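On a predicted model such as this, the values are computed, not experimentally measured, just so you know. The figures that follow rest on heavy atoms only: side chains count, while hydrogens, waters and symmetry mates do not. Residue numbers start from 1 in every chain, and the chains themselves are labelled A, B, ... in the order their sequence lines are given, proteins ahead of strands.
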Protein chains: 2
Amino acid sequence: MKPCAVPLREPQSALARMNALGGVDGMAGMDALATPLRRRRGETLCDDRGARFLYRMSAGAARRCALSADGRRRIVDLLFPGDFFGFDGDARAGSTIEALVDGSVVLRYPRREVEALADADPQAARIIREIAFAAIARLETQIALLGRVNAVEKVGAFLLALEERQRACGQPSCERSEIQSRRVTLPVSRCDIGDFLALAPETVSRSLAALERRGAIRLPAPRDVDILDRAALRAGAQR
Amino acid sequence: MKPCAVPLREPQSALARMNALGGVDGMAGMDALATPLRRRRGETLCDDRGARFLYRMSAGAARRCALSADGRRRIVDLLFPGDFFGFDGDARAGSTIEALVDGSVVLRYPRREVEALADADPQAARIIREIAFAAIARLETQIALLGRVNAVEKVGAFLLALEERQRACGQPSCERSEIQSRRVTLPVSRCDIGDFLALAPETVSRSLAALERRGAIRLPAPRDVDILDRAALRAGAQR
DNA sequence: CGGGCCATTGAGTTTCTTCAACATTAGTGG
DNA sequence: CCACTAATGTTGAAGAAACTCAATGGCCCG
C-alpha cells in the first residue's frame, strides 16, 4: 500500500495566529474576565466539578486526566498555550488538570460571565465559536490517532501532532534554533504518552526505538525528538 | 479493583431536550437556512471538501469515515438524529458521511450564513455554542472509549454510549415497548463497530458473545442487544 | 552518596488479529 | 414458492503484537 500524500492541515486559522501572539484585540473583552492560576509541575491546575468555568492554557503544559471505571488513569488531552478546555460540562466531570512543567499558567473564565459577554458582543461570540471549533479539531485529531492499529503508527502520529501544535503556539519550551530543525520537546514521560495513546510505557519506548532504527527520528535525549522523515512517521506501519 | 460507581451523565441538557423534540423555538432562525438531503443506505450523505457547510442529522443514522494514511478506513463518529457535525474545517477534510439506513436525512446549513445569523442574533449564537459543546462531549466520550484497554471493555462501553444516545434522541428505529426494556438496536455491522473501536470484526463478535456469557447482555438477534447488567458492562474487564 | 523517578531492554504470557470455514439471513429471479 | 447468491455473523486455530514482570542504567535532587 503506497503511503498516499494526505493533505496536511491548512496553514493556520485566524485563531491559531492569535494564540501564537497570546491574545489579540477581540480577546480583550474576555481577558478582563480571566483569573490567572500559576502552578508547578505535578500540581493540580484546577478541579472544577461544578463546571462553572472555562479555561485557557497560557504558559507551560498540562495534561487532562480522567479516571476510568476500573481505576485506571486515562490522559484525555494534552494542553499547550492557547488551548481552551472545559466546554463540556457533563463529560468533563471527574477529570483533573495537572501541570506538566513548573510555571504553568492557566486562565480561568467564569462560564456565566463568558456567556453574558457572548450574548452582548457578537465579536466575542465569534471568538468563542472559533475556540470551540479548535477544540473539536484537536479531539478529532486524537480520535484518528487512537484509531491507528499498531503502536509504531500511533507514536509516529502523536509526534507529528505534537510538533504541529508546538509550532502553532510558539511553544516557549521548545527553543528552536532553526525553523528547519523540527525538534519536538516531549513535555511528558513515556508513561504519560502511554496513557494518552492507550499503550504500555514500554511499548512507547520500543516504538520510539523502532522509529529511530528506521531513520524516521533521532533521539538525542529521551525528551527530545528530531523529526527526520515525516513521511515515514506518517506511514508508520511499513516495515 | 472494585468497580467504583462513576457518576453517569446528568439528566439532559436543554439542547438534548430540544433535539429530542426535533427543533424548537430558538432553532427557527437556523432552520430557515437548512437544505434537507435524503439518502438511502450506503449512499454518501455529503462530501464537503471545502468545509462550506454545517450539518445536522435529522433522521436515520450515519457514519463519518476517514481514510488513514495506510488506506485503512476509520469510522470517526456515529451520527444520530440531533447530532451536528462539520464544525472542524480542517480536520474533517477528507472524511465522508455515509447513510447507515434507508431514508436518512441530513440538514445542510451554509456556514457563512450561519455565522452571519450568529452575529446578528445572540440567541442563535447561544444555540450554536451549545451545539458545539455537545459535539465536544460526544468526541470526549469516544476518546474515553478508545482508551479502554481490552476489547470486552470497549464493546461494553460502546453499548452503553449507544444506548444513552439512542435514548437521548428518541431514536425512531428503536421501538421501545417499555422504558425498562433497555434494548439497543445496532445500526451498524460488526465490521463498522470494529472500525469504530479499532478492533477486528471477529473480536467484536467474540466480545459480544463473552458479554452474553457473563449475563451482561442478551442477543435476541445480531442487531438487537438487551442490556441486562449495566454495571457489568461498565466494569467490562473483570473475569 | 543514596533514593526515587524515568527510560530502556529482555523474556514469557496474554490478547488480539488473521485466515479460514461455516451458519444465517435477506434479496433476487426463475 | 423455491433455489441461488451475496452479505453478514459466528467460530476455530495459528500467528503476531502488545502487555506484564523484571532487571539494568542514567539522571536529578535531597
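- Checking the phosphate oxygens (OP1, OP2) of C:dT17, a side-chain nitrogen or oxygen of B:Thr203 falls inside 4.0 Å.
- Taking atom CG on A:Asn150 and atom C1' on C:dC16, their separation rounds to 13 Å, with Å as the unit.
- A salt bridge links B:Arg138 to B:Asp77: at least one charged side-chain nitrogen sits closer than 4.0 Å to a carboxylate oxygen.
- Remark: C1' of C:dA7 and CD of A:Glu212 are 13 Å apart, rounded to the nearest angstrom.
- Taking the side chain of A:Glu202 as heavy atoms from C-beta on, and the options D:dA18, C:dT17, D:dT20, the nearest nucleotide is D:dT20.
- To the nearest angstrom, C1' of D:dT20 lies 14 Å from CG of A:Leu199.
- A donor N or O paired with an acceptor N or O is found under 3.5 Å between the base of D:dT20 and the side-chain atoms of A:Arg206.
- Of the side-chain N and O atoms in B:Arg223, none sit less than 4.0 angstrom from OP1 or OP2 of D:dT8.
- Partner A:Leu233 forms a side-chain contact (heavy atoms from CB on, under 4.5 Å) with one of A:Ile227, A:Val225, A:Leu228 and no other, that one being A:Ile227.
- Within the 4.5 Å cutoff, side-chain heavy atoms of B:Val155 are placed close to those of B:Leu197.
- Across C:dA20, C:dC6, C:dC16, the shortest atom-to-atom separation from the side chain of A:Ser189 is found for C:dC6.
- Taking atom CG of B:Leu211 as the reference point, atom P of D:dT10 lies 12 Å away to the nearest angstrom.
- Crowding of A:Arg223 atom CZ: a count of heavy atoms from other residues, nucleotides or ligands under 6.0 Å exceeding 12.
- Protein atom CG of A:Asp224 is 15 Å distant from nucleotide atom C1' of C:dC6, rounded to whole Å.
- For A:Asp102 and D:dC29, the CG to P distance is 10 Å, given to the nearest whole Å.
- Ionic pairing of B:Asp83 and B:Arg56 is not present here: no N-O contact between side-chain nitrogen and carboxylate oxygen is shorter than 4.0 angstrom.
- With distances taken from any side-chain atom of B:Arg41 to the nucleotides C:dC6, D:dT8, C:dT17, the minimum falls on D:dT8.
- Taking atom CG on A:Leu208 and atom P on C:dC6, their separation rounds to 16 Å, with Å as the unit.
- Computed from coordinates, the A:Asp192 CG to C:dC5 C1' distance equals 12 Å when rounded to whole Å.
- Among the heavy atoms of the strands lying under 4.0 Å from B:Ala198 are primed sugar atoms or P, OP1, OP2 only; no base atom is included.
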